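No hydrogens, no waters, no symmetry mates; every other heavy atom, side chains included, goes into these values. The structure presented is a predicted model; accordingly, all values stated were derived computationally and were not measured. We count residues from 1, following the sequence as given.
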Amino acid sequence: MKTKTCYGFLLKLYNTIKLNLFYILLSLLVPVILWKVQVGRDIVVSLAERPQHGYVNIPLLIASFSLLALSNWAIPVLAIDLWRAATRRPVNSQSLYTGLIALYNGDSVEGKQQFPIRYFASLPWVVFLYVAVTAFFPTQTFVGIGTLILLIAGIFLLDWQYRKKRVPRLFQRLWDNAADANTGAIRSKALRYVASMTALFLLFLALIGFIGYVLRSSHAGLAVLVIGANFIGILANYAYMKFAENVDVKNTGVSYYVSKYIHICSLSCTLLLAVLLQSCNGGGWPIEIGFFSPIFILITAISLFLFLADVLITAQLTITWVYNGLPSGKPVWVWYNPLIRLFALGFVFLFFFNSVNSHRIRKQFVQPSQALTADMRPPLTAYFDRWVQDRITDTRDTLDVYLVSGQGGGSRAAVWFFMAMNYLDSLKSTSSSRFEENVFSISTVSGSTSGAAMYLADRYLKVPAQSASVAPRMKILYARNYLSSSFWGALIGDGFEGVSYELFSRPWGTRKAFPKDRNYYFQQEEIQGYAAATPSLEREAINDFFKTDYLKPYVVPTSDSLKFNTALPLFFINSAIVETGQRGVFAPVNLSSFSLGTDLYALFKRYNPTYNIPLIACVNQSQAFPVINAYNYLDGAGRLIDGGIYENSGTATTLEIYETLRRHINSKPDTPYKIRLVCINIVNTNMDAAKDDVRFRPASVLNTLTAAFQSPFGGHEQFSYRNILRRVVAPDTAYSFPLDKPVPLTRMLPSAAIDTMYVSLRAMK
């Protein structure tokens, strides 16, 4: 008997996984990532921080997880109408619905049994609840385990209550009002029932939002609300599912229309949320998409995928199977199921292997007479000579020339680079010479490129440096949510923009130079962040720096020509090329005169002579982290990816600059002044920490992936960083400016992390 029971359990489990594997994996994707990745837990904790508007995002999360559960559990009645229209089979919809009830409720259909879908429909929500508890109580694992035990106990209690015929009175009364109707009033009664349940759910969300608003200044209060509201939401959701499954088979006529209206309501809500989020992302109306939690964005997008996949694909196959099992049914055409599967494969191919968005790099058309060219860039040594002449005041002094490198690391790297440059200016400046004026070059990778761009914007736009305002400005600029637009673009937004670009640009002859994508919107967000952090500047001046050509800050127009400006440091933006694996560099001087890197600016101008490439677009190519950003295509080079994929410290380019300048200086021994090159490595990790011995681990196929990941970060980065320290010799010097405190690696930096970096900065000497 035990063997038979065990076999029956395993068979049901097998059928459940076989029939629902896609839905289980996709719906669990986000909660599991939140669980396993530290950044995910940081995002959860941000729900209790005031700038993240938890009083809105907490009820929205409950709504999105409810929609995700419904996308798995709700019987897709709309798919029946679609199936009948496609196959032209005059079958009664309710007979097909009856077959679906048995499958979804876990009953036996032709000997095939599975567990009721309600058991895994809310599983992603349960995982999220556990993640939330462990995120808010990281050192008290028993709290998370205890929460799960209480939740399971609550589910068993609900099951026991139903076995005792004790169901929630509210559910039963609403149902009785619908079930007692005559045939002619069934639809209106069912609609009234669904409307009542929806109103009840919205009232619950409004209550959670009100409590969140009252507790908006209390981190502990919001943390308890996140956990408590989701705990109650899971139990209430399960209770309703259990109730609905018990009445489905008792009154099929009423339950058919109830299921249909629930399905319509759920799908409509998901579609409306998608339209809202696209409007927020594309036009900032009615609010910026960064207002919403990345978790809400991800769960909403996945719910939409599951709803559409169920209606258009899996339900079509299931309904065909149910219909072919009816005694009076004429079998469906043999081509129908293969056609549905082909449609599914086509979508997967487009999504993963042939994006409808070309992701061409951002560019702006200009009149040929106003276009800048790559040829106007001087060689590095010629520019250096002019730069030195602009700074030598006393030939008896030694001129310190600073060559700065910036390590990658998301918003953490951006904040640390900006803070470090301002702090170095306060430390090394004298009455006759300022540090910032002697910075010759800045070579950055990934996140530090953003911080360097903001630092140069301050220099170019003449924003006075004030140490007291550094941390508050960084909070406005980087303690904000840059992830939501990225996630939305990766899942839905980029595809929408790509289709819009192809469909609406060509017919009207207004084809734009490039399709918008998540990179474009991320660039806009960074500009908006800088504008918010620098309210003293006009928006036009800010746009003139970020949105005009990368080379423009270095070019000064004169009466009859263009003169190259030496006021700003040379900004070398390091990227990498997907197709070749090579390092690509946007350089304001002739790159081939000193470097082996691919000259990205020269390639852009060769293929786009009447276009400018905005500075902010170049900055984005350096921090195009996988998934979070798209890989923009640059003619002649290929697709550009985060520069850290090649080398993450920025020192590879700086070393080339250093060696070229040192040879050039040594070739002129008769100069009346002395020059000392100082290489400064601004790193946001402890690069000099001793490495632990690698312990033995069994051989695995994952070793290849580990090597591919560690090669740029643990390999090339370490080599380049240590190599520049080794190659720089007297009279020159090289040193590092490290962040010695742990700070999350993310694009959604907590305000407390910026305070931590500022404290660490002020403690350095």
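Evaluation of the side-chain contact (heavy atoms from CB on, under 4.5 Å) rule for Val127 yields Leu28, Pro31, Trp35, Val131 as partners, not counting sequence neighbours. Every residue was checked against the salt bridge (charged side-chain N to carboxylate O under 4.0 Å, His left out) condition with Arg639, not counting sequence neighbours, and none meets it.
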### Message
Please evaluate residues Trp83 and Val91 with respect to the criterion side-chain contact (heavy atoms from CB on, under 4.5 Å), reporting the C-alpha separation (whole Å), side-chain torsions for both, the decisive distance (0.1 Å), and the verdict.
### Response
CA-CA 10 Å; Trp83 183 90; Val91 63; 3.9 Å; yes

### Message
Set out, in order, the CA-CA distance, both residues' side-chain angles and the distance that settles side-chain contact (heavy atoms from CB on, under 4.5 Å) for Leu67 and Leu273, then state yes or no.
### Response
CA-CA 11 Å; Leu67 290 173; Leu273 285 176; 3.8 Å; yes

### Message
Between Arg583 and Tyr646, does the side-chain contact (heavy atoms from CB on, under 4.5 Å) criterion hold? Intermediate values first, please.
### Response
CA-CA 6 Å; Arg583 172 170 52 107; Tyr646 180 88; 3.7 Å; yes

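Between the side chain of Gln316 and the backbone N or O of Ala79, at least one donor-acceptor pair lies under 3.5 Å. Between the side chain of Ser450 and the backbone N or O of Gly447, no donor-acceptor pair lies under 3.5 Å. Between the Ser279 side chain and the Val275 main chain, no donor and acceptor come within less than 3.5 Å of each other. Without hydrogens or angle criteria, Glu647 side chain to Gly643 main chain gives no donor-acceptor distance under 3.5 Å. In terms of modelled atom types and a separation under 3.5 Å, the side chain of Asn357 and the main chain of Lys516 share a donor-acceptor contact. No side-chain donor-acceptor contact under 3.5 Å links Asn354 to the backbone of Leu350. No donor-acceptor distance shorter than 3.5 angstrom exists from the side chain of Ser622 to the backbone of Ser575, with no hydrogens or angles considered. Judged purely by atom type and a 3.5 angstrom limit, Asp310 has no side-chain atom pairing as donor or acceptor with the backbone of Leu306. Side chain of Ser266 to backbone of His263: no donor-acceptor contact under 3.5 angstrom is found. Side-chain N or O atoms of Ser71 include one that pairs as donor or acceptor with a backbone N or O of Leu68 at under 3.5 Å.
With hydrogens and angles left out, the side-chain atoms of Arg360 and Tyr633 include no donor and acceptor closer than 3.5 Å.
When Asn632, Asn519, Leu600, Asn620 are each tested for a side chain to side chain contact (heavy atoms under 4.5 Å, CB included) with Ile361, only one passes: Asn632.
Ion pairing of Asp635 with Arg606 is absent here, as no side-chain N (NZ or NE/NH1/NH2) approaches a carboxylate O to less than 4.0 Å.
Remark: Arg747 qualifies as a cation-pi partner of Phe522 under the 6.0 Å distance and 45° angle criteria applied to the six-membered ring.
Taking the six-membered ring for Trp and the full ring otherwise, Trp73 and Phe120 have centroids separated by 6.0 Å or more.
Here the closest heavy-atom approach between residue Asn237 and residue Ala69 is recorded as ND2-CB, 3.5 Å.
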Run the side-chain donor-acceptor check on residues 483-495: report pairs under 3.5 Å with partners two or more places apart or on a different chain.
| from | atom 1 | to | atom 2 | distance (Å) |
| --- | --- | --- | --- | --- |
| Ser484 | OG | Phe292 | O | 2.7 |
| Ser484 | OG | Asn481 | ND2 | 2.6 |
| Ser485 | OG | Glu525 | OE1 | 2.7 |
| Ser486 | OG | Tyr482 | O | 3.3 |
| Ser486 | OG | Ile628 | O | 3.2 |
| Trp488 | NE1 | Gln278 | OE1 | 2.9 |
| Asp494 | OD1 | Arg518 | N | 2.8 |
| Asp494 | OD2 | Arg518 | NH1 | 2.4 |

